[in-house]
Enquirer: 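Please read through the structure below; I'll follow up with questions.
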Amino acid sequence: MIGLLIAIITFNYFAFKKNKLLTGNQIVHIWTFTIAFQNIFDLFIEFKYHGYWYFDKEIDWAGLLPHMFLVPAANMIFLNWFPHKSKVIKQIGFMIFFVVAIITYEALTLLPPPWGFFHYGWWKLWHAVILDPILLLILLGFYKWICNLEKDVCKSPHKQE
């Protein structure tokens, strides 16, 4: 639990204090999307197939903490520092760097308590190596969609008051 609390404080500090890109609206969208998307994914991988779990194999209150306060903050950090207007090669390089950081962090969460809080069933790190870039691309697509929606709202003659 100590490792999780340190991570939540650290990730949220960087997500909010170092944010120079994301608007409040985008933060709410990203936060909500992340919680919903992760819960849908974990519903199957964690609870149905027991691929991995936080703390205990059962649903528990402590397991909500990473879902609600850790992963959304990590996604904010990713989107805030992603080189959106750079060449594709720089974007790919950043994606590789971020996946390596995620994998390193995930390996640390496997430490015994009180530092670690994550446990593997049949899931292995290589699953995350394959899946994390796909999940980050989905997140980028969602973020671009939200940005386009914001632009459309600003151009709309029927602005809400």
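Quick note: numbers below take in every heavy atom, side chains included, and nothing from hydrogens, waters or symmetry partners. None of the values given here were measured: they were computed from a predicted structure.
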Enquirer: Nearest 0.5 angstrom please: Ile9 CD1 to Asn12 CG, how far?
Expert: 9.0 Å
Enquirer: I want to check something: taking the side chain as every heavy atom from C-beta on, are Leu137 and Ile134 in contact at a cut-off of under 4.5 Å?
Expert: no
Enquirer: Just wondering, more than 12 heavy atoms not from Phe41 lying within 6.0 Å of its CZ?
Expert: yes
Enquirer: Determine whether Phe69 and Leu64 fall in the same hydrophobic cluster, where Ile, Leu, Val, Met, Phe, Trp and Tyr are linked whenever their side-chain heavy atoms lie under 4.5 Å apart.
Expert: yes
Enquirer: Do you know which two heavy atoms are closest between Leu70 and Leu4, and how far apart they sit?
Expert: CD2-CD1, 3.9 Å
Enquirer: Counting only pairs under 3.5 Å, give me each side-chain donor-acceptor contact of residues 99-109, with atom names and distances, residues two or more places apart or in other chains.
Expert:
| residue | atom | partner | partner atom | Å |
| --- | --- | --- | --- | --- |
| Thr104 | OG1 | Val100 | O | 2.8 |
| Glu106 | OE2 | Tyr120 | OH | 2.4 |
| Thr109 | OG1 | Glu106 | O | 2.6 |

Enquirer: For a quick test of reading the model, state the closest non-hydrogen atom pair linking Leu136 to Phe98 and the distance between them.
Expert: CD1-CD2, 4.1 Å
Enquirer: Might you point out which heavy atoms bring Pro72 and Pro66 nearest each other, and give the distance in Å?
Expert: CD-O, 4.1 Å
Enquirer: Would you say Leu125 ends up clustered with Tyr49 if hydrophobic residues are merged whenever their side chains have heavy atoms under 4.5 Å apart, either directly or through other cluster members?
Expert: yes
Enquirer: Transitive ILVMFWY cluster of Trp126 at side-chain heavy atoms under 4.5 Å: who else is in it?
Expert: Ile130
Enquirer: Do His50 and His119 have side chains that approach each other closer than 4.5 Å (heavy atoms only, starting at C-beta)?
Expert: no
Enquirer: Test of understanding: with ring-ring contact (aromatic ring centres under 6.0 Å, His included), list the residues that count as partners of Phe55, not counting sequence neighbours.
Expert: Phe117
Enquirer: So, using ring-ring contact (aromatic ring centres under 6.0 Å, His included) as the criterion, who are the partners of Trp145 when residues are at least two apart?
Expert: Phe142
Enquirer: Would a hydrophobic clustering, with Ile, Leu, Val, Met, Phe, Trp and Tyr connected at side-chain separations under 4.5 Å, put Val71 with Phe11?
Expert: no
Enquirer: Run the side-chain donor-acceptor check on residues 33-40: report pairs under 3.5 Å with partners two or more places apart or on a different chain.
Expert:
| residue | atom | partner | partner atom | Å |
| --- | --- | --- | --- | --- |
| Thr34 | OG1 | Ile30 | O | 2.7 |
| Thr34 | OG1 | Asn75 | ND2 | 2.9 |
| Gln38 | NE2 | Asp42 | OD2 | 3.4 |
| Gln38 | NE2 | Tyr54 | OH | 3.2 |
| Asn39 | ND2 | Ile35 | O | 3.1 |

Enquirer: When clusters are formed by joining ILVMFWY residues with side-chain heavy atoms under 4.5 Å apart, either directly or through shared neighbours, do Leu5 and Met68 land in the same one?
Expert: yes
Enquirer: Got a second to check how far Lys144's NZ is from Leu149's CG, nearest 0.5 Å?
Expert: 14.5 Å
Enquirer: If you measure from CG on Leu135 to CG on Leu140, what distance do you get to the nearest 0.5 Å?
Expert: 11.5 Å
Enquirer: Quick one: ring-ring contact (aromatic ring centres under 6.0 Å, His included) partners of Phe16, sequence neighbours excluded?
Expert: Trp31
Enquirer: According to side chain to side chain donor-acceptor pair (under 3.5 Å), who are the partners of Tyr13, at least two apart in sequence or on a separate chain?
Expert: none
Enquirer: Please identify each residue that fulfils side chain to side chain donor-acceptor pair (under 3.5 Å) with Glu150, with sequence neighbours left out.
Expert: Thr23, Asn25, Gln26
Enquirer: With respect to Tyr52, which candidate in Phe44, Phe47, Trp123 satisfies the ring pair (Phe, Tyr, Trp, His ring centres under 6.0 Å) definition?
Expert: Trp123
Enquirer: Do Met76 and Ile6 belong to the same hydrophobic cluster, where Ile, Leu, Val, Met, Phe, Trp and Tyr are linked whenever their side-chain heavy atoms lie under 4.5 Å apart, directly or via other members?
Expert: no
Enquirer: Which heavy-atom pair separates Ala15 from Ala73 by the least distance, and what is that distance?
Expert: CB-O, 3.6 Å
Enquirer: Please identify each residue that fulfils side chain to side chain contact (heavy atoms under 4.5 Å, CB included) with Phe14, with sequence neighbours left out.
Expert: Thr10, Lys18, Ile77, Trp81
Enquirer: Taking all heavy atoms of Ala128 and all of Pro133, pick out the closest pair and write down the distance.
Expert: O-CD, 4.1 Å
Enquirer: Residues two or more places apart in sequence or in another chain: which of them pass ring-ring contact (aromatic ring centres under 6.0 Å, His included) with Trp61?
Expert: none
Enquirer: List the residues meeting side chain to side chain donor-acceptor pair (under 3.5 Å) with Tyr143, not counting sequence neighbours, and say none if there are none.
Expert: none
Enquirer: Going from CG on Leu21 to CG on Asn80, what distance comes out if it is rounded to the nearest 0.5 angstrom?
Expert: 5.5 Å
Enquirer: Over all heavy atoms of both residues, which pair between Val28 and Thr32 is shortest? Give the atoms and the distance, please.
Expert: O-OG1, 2.8 Å
Enquirer: State the CG-CD1 distance between Asp132 and Ile96, to the nearest 0.5 angstrom.
Expert: 13.0 Å
Enquirer: In a table with atom names and distances, give each donor-acceptor pair under 3.5 Å that connects a side chain of residues 85-95 to protein atoms at least two apart or in another chain.
Expert:
| residue | atom | partner | partner atom | Å |
| --- | --- | --- | --- | --- |
| Gln91 | NE2 | Pro83 | O | 3.1 |
| Gln91 | NE2 | His84 | O | 2.9 |
| Gln91 | NE2 | Ser86 | O | 3.4 |

Enquirer: Decide yes or no on ring pair (Phe, Tyr, Trp, His ring centres under 6.0 Å) for His127 and Trp122, but give the supporting numbers first.
Expert: CA-CA 10 Å; His127 291 103; Trp122 55 264; 5.4 Å; yes
